[in-house]
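Lettering follows sequence order; numbering is per chain, from 1. Bear in mind the structure is a predicted one, so any value in this text is a computation, not a measurement.
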2 protein chains.
Amino acid sequence: MSTIYDVAALAQVSPATVSRVINGSSVSPEKAERVRAAAEELSFVPNRTARSLRRRSSNMIALVIPDIENPFFTVIARGVEDRAREAGYSVVLCNTDEDSTKEAAYFDIAVLEHMAGVIVAPASDASDLDRIASAGRPLVAVDRRSHDRRVDSVVIDNPAAGREATEALIAQGRRRIACITGPESVETAQLRLEGWRSSMTAHGLDTAGLERHADFRVLGGRAAMRELLALPQPPDAVVATNNMMAIGALQALHEGGIRSGDIAVASLGDLPSAPVMPENTLVIDLPARALGITAAEVLLRRIAGTESAPETIVLGTGD
Amino acid sequence: MSTIYDVAALAQVSPATVSRVINGSSVSPEKAERVRAAAEELSFVPNRTARSLRRRSSNMIALVIPDIENPFFTVIARGVEDRAREAGYSVVLCNTDEDSTKEAAYFDIAVLEHMAGVIVAPASDASDLDRIASAGRPLVAVDRRSHDRRVDSVVIDNPAAGREATEALIAQGRRRIACITGPESVETAQLRLEGWRSSMTAHGLDTAGLERHADFRVLGGRAAMRELLALPQPPDAVVATNNMMAIGALQALHEGGIRSGDIAVASLGDLPSAPVMPENTLVIDLPARALGITAAEVLLRRIAGTESAPETIVLGTGD
DNA sequence: GTGAAAGCGCTAACAA
DNA sequence: TTGTTAGCGCTTTCAC
């Protein structure tokens, strides 16, 4: 493990010059070359910890997501990671289980570790993003906006996604279409629900009693579907506003012995690789990877020091 | 952001004493109390970067896995993370896509970042674990042993898992049982295959032409199953040595229009949450979480300085 | 038990 | 453009 002093000695320059070469400041060509040769010779690699200490910022980015078992978020993670790594940053993946307490603990760590920035899919509207913002760390919300409008957000056009799913079911001839959405405290859940509602009313269809709030997870989707099945007049289709609840809904249909085709399910977002896709299932692709890439780009820009007002980037579902 | 100097000044002791209190060295009770009060007062938290620089070791652990989309590995990750976090370490998740080059890049980062240790499910037997070992960083292989016998390993009893799956199929009355396993360069794949083979021969069943090597992924499993279906005499069951290949095999069966029940599939490891589990499917539970927890414990012990000879811990499939 | 002082390896003023 | 120097915040000898 050689240091810039070793390199400086071998190249017969000062440590500062070595540092400049590493960081791309202006150095005369011949000295730069000597430094490069010396660094090569000693297989020198800069000590990132020392750099972080001095710069008061590391090259780690925290990515805080609510559910690592959900492929939607792992795809986002891969998008973030690919872009971040290109820029020389490492990504620390933090899983919160939709739990704001766990989330807060991760935020504290991010600050303590002097992480360069944080990308978060907030567990709820109550997420304490201020913990990060007030510490002056760049922060980007992804997939879900925060109530804190000071932070950048990268989201999907959620109402459009809700409408798209609903329209597709209507086009299949479905009329009594229910919607299973996420917690009321998550804006994404509300917006997708609104998309469904607007499509329904636009087509003159009744929505009364057909909304259900669940938890964005399999069990919640299943329970909600069971309730819908128990209605005096069950739906003939359902929009699940995320993939996990769609799986839960399909499970409930299967348990209930519903004939495939009697009730159609539209999922917002790809299902985890399944052996067989049930025929009555419709998937609306969500641009998860683009979400991750874009969030990383916005964050990197903030890390680089861009000072513009916080922005919300809305990605179309077709992206 | 206060420092130990601020705390020292307020408590009227030297910075060294503050450091000692933080790290639990012997300090007189009254001074210790003064320091604690001062730290509380200033809401002091030690700067981890400075500590890492000084100690030449951070409190980050790298977890390098081949496939973040595979729930088997995410469950391992959660096991690792839970245990690591208890001990005050953060976990950096690194996804290699079964690619040794990507893996090597992560190893380099782990060394550069002075990470406290690395847990890896090696992409192949050719994985260059020496990169870490020779840098003196603690290293534990999980799920897959390395050819490098200097490192600790935590694995499943793979032959037993292979046998268990095979015996279960035999108990169902299956006789012509194929095996789709992973790459030849991955020991885990070989051992599970051997488990299958030993059960087959123990029951006097023929194994000729019924082995397939794939890549532990959905597409590979599907292709292998197609080949098996194209055999003059196709199998009546198949053991897939991991969950993703089991999904691929089931897909191939579905595409091939095979009646459910004609060919049974046994999967080593839980399937990702699926809407419906096909009836002809059998899952052998693998103790993924225990794998993660145990690997973390072994690593933490090494980080703490245990100097015993490298060990291989084999977890029973019943654990 | 406690404090003074010397760094860990790097970067950023400040001079030259 | 280049070098000198002073830290970033912490830990750890080494004296006392």
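Nearest-nucleotide assignment on DNA chain D puts the 5′-proximal partner with B/Thr49, out of B/Thr49 and B/Arg20. Nucleotides of DNA chain D nearest to A/Thr17 and A/Tyr5 differ in position, and the one nearer the 5' end is that of A/Thr17. Judged by closest nucleotide on DNA chain C, B/Glu30 is the one of B/Glu30 and A/Arg48 placed further toward the 5' end.
For B/Ser19, whose side chain is taken as the heavy atoms from C-beta onward, the closest listed nucleotide among D/dC10, C/dA4, D/dT11 is D/dT11. Listed candidates were C/dG9, C/dT2, D/dC8. Nearest to the side chain of A/Arg56 is D/dC8. Closest to the side chain of A/Arg54, from the set D/dC10, C/dT11, C/dG3, is C/dT11. Checking D/dT1, C/dC10, C/dA12 against the side-chain heavy atoms of A/Ala16 singles out C/dA12 as nearest.
Residues B/Phe73 and B/Leu93 fail the side-chain proximity criterion, which asks for heavy atoms closer than 4.5 Å. The shortest side-chain heavy-atom distance between B/Tyr89 and B/Leu299 does not fall under the 4.5 Å cut-off.
No side-chain N or O of A/Ser52 forms a donor-acceptor pair with one of A/Thr49 less than 3.5 Å apart.
For A/Asn23, a side-chain nitrogen or oxygen approaches OP1 or OP2 of C/dT11 to under 4.0 Å. For the OP1/OP2 pair of C/dG3 and a distance below 4.0 Å, the side-chain nitrogens and oxygens of B/Ser14 include at least one atom meeting the criterion. Contact between the side-chain N/O atoms of B/Ser52 and the OP1/OP2 oxygens of D/dC10 is not found at any separation under 4.0 Å.
Residue A/Glu113 contributes atom CD, which lies 16 Å from atom C1' of D/dC8 at whole-angstrom precision. Rounded to an integer number of Å, the gap from CD of B/Gln12 to P of C/dT2 is 14 Å. One can place CG of B/Asn47 at 14 Å from C1' of D/dG7, the figure rounded to the nearest angstrom. Distance, A/Asn59 CG to C/dT11 P: 11 Å, rounded to whole Å. Rounded to whole Å, the distance from CZ on B/Phe44 to P on D/dG9 is 10 Å. As rounded to whole Å, 9 Å separates atom P of C/dA12 from atom CZ of A/Arg51. As a whole-Å value, the separation of A/Leu112 CG from D/dC8 P is 19 Å. Rounded to an integer number of Å, the gap from B/Ile4 CD1 to C/dA6 P is 16 Å.
For B/Glu33 and B/Arg36, the salt-bridge test passes: some basic side-chain N is under 4.0 Å from an acidic carboxylate O.
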Practice task
Could you give me the CA-CA distance, side-chain angles and deciding distance for A/Arg78 and A/Glu81, then say whether salt bridge (Lys or Arg N to Asp or Glu O under 4.0 Å) is met?
Solution key: CA-CA 5 Å; A/Arg78 301 186 61 158; A/Glu81 167 146 23; over 6 Å; no

